[in-house]
Amino acid sequence: MGKLASGRQALVVGAVCLAVLFLWPRLGTMGAKVPSSLVAVIVGMIMVPLFGMNVSTIGDLYTINAGLPELHVPQLSIDLLRDQLPNGEGGVRREGGLERADCKRRSSTTMPDRQRREFF
């Protein structure tokens, strides 16, 4: 039963933080100056100990070492490159297409016709 209660408490913390993320920007000048994500993290950090919630933290789930990570040379191979190449290529194509569409949209409103034909 303790695990179920902990899950419900985590759900409440998540719902409150999500509400802060959506509602904070609507508060006018204060909402515009302070990022809503920062406020949501602070609200969650204050809410858990204030109400004595039993919510798992990153420190509970993982071990955090105080030192720097050890340096090592990654193991690269032709097979790994061949497997990962389509992932990178697709991302480059998508970004290039988005950039071209953005340039075209901007030029259609700011450039004269003659200049636009020369640009594209």
Residue pairs, two or more places apart or on separate chains, that pass side-chain hydrogen bond (donor to acceptor under 3.5 Å, both in side chains) and touch residues 31-50: none
Hydrophobic cluster membership, V20 vs F22, 4.5 Å side-chain cutoff: no
Counterpart residues, side-chain contact (heavy atoms from CB on, under 4.5 Å), relative to S77 (two or more places apart): D79, L80
Other ILVMFWY residues reachable from L23 by side-chain steps of under 4.5 Å: none
Results of side-chain contact (heavy atoms from CB on, under 4.5 Å) for M47 - residues two or more places apart only: V12, V13, V16, F51, M53
L68: hydrophobic cluster co-members (side-chain, 4.5 Å): none
Atom pair CG (L11) and CG (L18), whose distance is rounded to the nearest 0.5 Å: 10.5 Å
Results of side-chain contact (heavy atoms from CB on, under 4.5 Å) for V34 - residues two or more places apart only: W24, M30, L38, V39
Atom CD1 of I78 with >12 non-hydrogen neighbours under 6.0 angstrom: no
